[in-house]
Amino acid sequence: MRVEAVIFAGGVGRRMGGSKRPKQFLELGGRPIIDYTIEHFATHPLVTGVVVVCLESWIDYLRRVLDRRHYDVPIRVVAGGSTGQESICNGVTALHDAHPGDQDAIVLVHDGVRPLINEQTITDCVRSVRERGCTATVAPAIETIVLTSEDGAVSQVIPRAEVGLARAPQAFLLEQLYEAHLRSQKDGLDEFIDSVSLMSHYGHTIYTVQGPAENIKVTTPMDYYAFKGYMEARDQRMLWSSE
């Protein structure tokens, strides 16, 4: 069974503040964030290949990073588009062109700046899409969610148990996702926030799996320091366990 990952890293990171680097290339421990993310998929026992969708001006840099890592699965790098949806489409199209007609192929779509994913969640996504269909990773809501009216009044308080925070990866049959992108292009729809929104729009039922709460998207300085703190705490736990 073919299981491919599309990791999109085409953003410029305007919310990261004064950094001269796109957020996916900010470093921690001498490694860019995108490298931590790629590692989870490139070393997963079920993943057979990875496509990274990258800012065109940073492709050479990313290839140098990958050359140092020597992953066992093939990793291709393709240029991103002007929007997140277009970037994902570029990655999905590259997979479709490489494996035309493979109706059973699975694609995992993941943010390049979500480096705190884990092996179990990837496994759960693959199993879910194989057994049920389109799948989104979610995390439980830990704060109260309210709906507000136009005047700012709270119109509804939603029980936390009924709410999940959409995360990644999101998992699909490759051909179904490719066809949805073609339909959206034909329909002139190019502003879907993510792939599950695209698939839901075209009538697909979306199922969910639970992912780790720490699987944040590193888009602001606060996110970066949360990532840094998590990695330092993990390294400390590993040090203690080895003593």
Within 6.0 Å of [atom1] in [X], more than 12 heavy atoms from elsewhere:
X: L147; atom1: CG; answer: yes
X: D67; atom1: CG; answer: yes
X: Q185; atom1: CD; answer: yes
X: Y202; atom1: OH; answer: yes
X: E143; atom1: CD; answer: no

Is any side-chain heavy atom of [Y] closer than 4.5 Å to one of [X]?
X: Q176; Y: C134; result: yes
X: I122; Y: C125; result: no
X: H44; Y: F41; result: no
X: I7; Y: I34; result: yes
X: F227; Y: E214; result: no
X: T48; Y: V73; result: no
X: V146; Y: Q156; result: no
X: M199; Y: Q170; result: no

I'd like to know if the side chain of [X] reaches the main chain of [Y], judged simply by a donor and an acceptor atom lying under 3.5 Å from each other, with no hydrogens or angles considered.
X: T93; Y: C89; result: yes
X: S128; Y: D124; result: no
X: Y178; Y: L173; result: no
X: Q85; Y: F192; result: yes
X: S149; Y: A153; result: yes
X: T137; Y: P169; result: yes
X: Q24; Y: A9; result: yes
X: D223; Y: T220; result: yes

At what distance, to the nearest 0.5 angstrom, does [atom1] of [X] lie from [atom2] of [Y]?
X: L177; Y: H204; atom1: CG; atom2: NE2; value: 8.5 Å
X: Q210; Y: R167; atom1: CD; atom2: CZ; value: 10.5 Å
X: Y71; Y: E39; atom1: OH; atom2: CD; value: 4.5 Å
X: T37; Y: R31; atom1: OG1; atom2: CZ; value: 9.5 Å
X: L55; Y: F8; atom1: CG; atom2: CZ; value: 12.5 Å
X: C54; Y: L62; atom1: SG; atom2: CG; value: 5.0 Å

Check: Does the pair D194 and S197 meet the rule for a side-chain contact (heavy atoms from CB on, under 4.5 Å), with working shown?
Finding: CA-CA 5 Å; D194 59 13; S197 300; 2.7 Å; yes
Might you point out which heavy atoms bring [X] and [Y] nearest each other, and give the distance in Å?
X: P212; Y: T121; value: CD-OG1, 3.2 Å
X: V78; Y: A94; value: CG1-CB, 4.1 Å
X: V126; Y: M1; value: CG1-CE, 3.9 Å
X: Y36; Y: M231; value: CE2-CE, 3.7 Å

Going by distance alone, is a donor N or O of one side chain under 3.5 Å from an acceptor N or O of the other, for [X] and [Y]?
X: E86; Y: S82; answer: yes
X: H201; Y: S184; answer: no
X: H40; Y: E119; answer: no
X: S87; Y: N90; answer: no

Side-chain donor-acceptor pairs under 3.5 Å in residues 98-116, sequence neighbours left out?
from: H99; atom 1: ND1; to: R2; atom 2: NE; distance (Å): 3.4
from: H99; atom 1: NE2; to: E4; atom 2: OE2; distance (Å): 3.4
from: D102; atom 1: OD1; to: D104; atom 2: N; distance (Å): 3.2
from: D102; atom 1: OD1; to: A105; atom 2: N; distance (Å): 3.2
from: H110; atom 1: NE2; to: R114; atom 2: O; distance (Å): 2.9
from: D111; atom 1: OD2; to: R114; atom 2: NE; distance (Å): 2.7
from: R114; atom 1: NH1; to: N215; atom 2: O; distance (Å): 2.9

Note to self: Let's go through I88 and V53 carefully: what are the C-alpha distance in whole Å and the side-chain angles of both, what is the deciding distance for side-chain contact (heavy atoms from CB on, under 4.5 Å) to 0.1 Å, and is it a yes or a no?
What the structure shows: CA-CA 7 Å; I88 294 172; V53 186; over 6 Å; no
Can you get from [X] to [Y] by hopping between Ile, Leu, Val, Met, Phe, Trp and Tyr side chains that sit under 4.5 Å apart?
X: V50; Y: Y61; result: yes
X: V196; Y: L165; result: no
X: L198; Y: V138; result: no
X: I216; Y: I145; result: no

Margin query: Under the criterion side-chain contact (heavy atoms from CB on, under 4.5 Å), I'd like the reasoning laid out for R127 against V209: C-alpha separation, chi angles, the key distance, then a yes or no.
Written below: CA-CA 10 Å; R127 181 181 299 117; V209 298; over 6 Å; no
Next item on the list: Tell me, with the steps shown, if L28 and I33 meet side-chain contact (heavy atoms from CB on, under 4.5 Å).
Entry: CA-CA 7 Å; L28 180 65; I33 290 174; 5.7 Å; no
Notebook entry, point to check: Parallel under 30°, tilted from 30 to 60°, perpendicular over 60°: which one fits the rings of F25 and W58?
Noted result: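 F25 vs W58 ring planes: parallel.
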Checklist line | N-O pairing of R183 and E179 below 4.0 Å | finding: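 Here R183 does not pair with E179 in a salt bridge, since their nearest N and O are not under 4.0 Å apart.
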